[in-house]
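Residue numbers run from 1 in the order of the sequence given.
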Amino acid sequence: MAFFNATAGPGGQGSGDSSAKGSGKLGAILGAIAVALVLVSGYFLLRSYRRLQRRVAGLSQQTEQLRREVQSAGQQSQASAQQASQAAASAQTAAQQRDQANQAQAKSAAQEQSALQQAAAAQQKASEAEQKAEEYRKQREAELARLQQALGDIAETRRNGLGLIMTLGEKSIRFDFNKSDINPEYRDTLNRIAGVMMALKGYSISVYGYTDDVGTQAYNLKLSKRRAQAVRDFLLKAGIPKLTTTQGFGKSNPRVHGDTPQARAANRRVEIGLVDSTLILEKMYVP
């Protein structure tokens, strides 16, 4: 034991301490190296992590950009689809309008053609009617000329705008002063007039009476009307179918002005008016 204790003395303690110190230093170095390695590894790991974060952030931004682009493309596609749909609807509407315009044009052309045909037919009818009217006027004109000649052989007869005026005055029928009776010597004249007028068709006949300037206008109006009625009654009895009117004008419209017996005898008269009824209608309806 003493031996062991001796060997465990100062000389033995110094050798143990040296080993312990060497081991401590080595452990410290190794620890420092380990810490350094850890720090270096952590540094590089941190750099790698940051790089990864930046890449992840860049990928996120790219992903967001792509998402926005996809969204924008989708919106544009939807807008394009709407525009295409609107364009198709507009094209369909335009096609319908074109078809309607073509139909309207065809209908208008048909109506125009029909109107032209109707106008041509109306023009043809108007031309035929005008031709017939002209032929009728010529016939009536020739008839009036013959009638004027026939009546002119009996009494003074003249033309006016509507027909003939026959004057029964001092050379054919003479009325006595203040009288309306027809003297027997003038009945043959009235019978001849009736014979000519019996064949007339389409004429209206009126008898007008006149007086001289002796007496009042009121009295002469009555006297002139009695003279017109006397001639009308005689002609009716002679066979003329109808006389439309009689009228007295008194001492107005004298044929001869003056107060001589000859002038007054000329103004005591009756006039017979022959009016073509068709001419009256034409004057009524021609604008």
(message) Both conditions, 6.0 Å and 45 degrees, for the charged tip of R268 above the ring of F175: are they met here?
(response)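 Output no; distance or angle outside limits.
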Compare every heavy atom of [Y] with every heavy atom of [X], then report the nearest pair and how far apart it is.
X: A238; Y: N191; answer: CB-OD1, 4.0 Å
X: G209; Y: A228; answer: N-CB, 3.6 Å
X: A263; Y: G258; answer: CB-O, 3.7 Å

Heavy-atom neighbours of [X] [atom1] exceed 12 at 6.0 Å:
X: K251; atom1: NZ; result: yes
X: E185; atom1: CD; result: yes
X: E134; atom1: CD; result: yes
X: Q117; atom1: CD; result: yes

(message) As a quick check of understanding, evaluate side-chain hydrogen bond (donor to acceptor under 3.5 Å, both in side chains) for S172 and T189, giving each step before the final call.
(response) CA-CA 7 Å; S172 53; T189 299; over 6 Å; no
(message) Would the distance check show the side chain of S224 and the main-chain N or O of K222 forming a donor-acceptor pair, the cut-off being under 3.5 Å?
(response) no
(request) Output yes when a side-chain donor or acceptor of R50 lies under 3.5 Å from a complementary backbone atom of S48, and no otherwise. (result) no
(request) Sort out for me which residue in V256, T211, D212 forms a side chain to side chain contact (heavy atoms under 4.5 Å, CB included) with R264. (result) D212
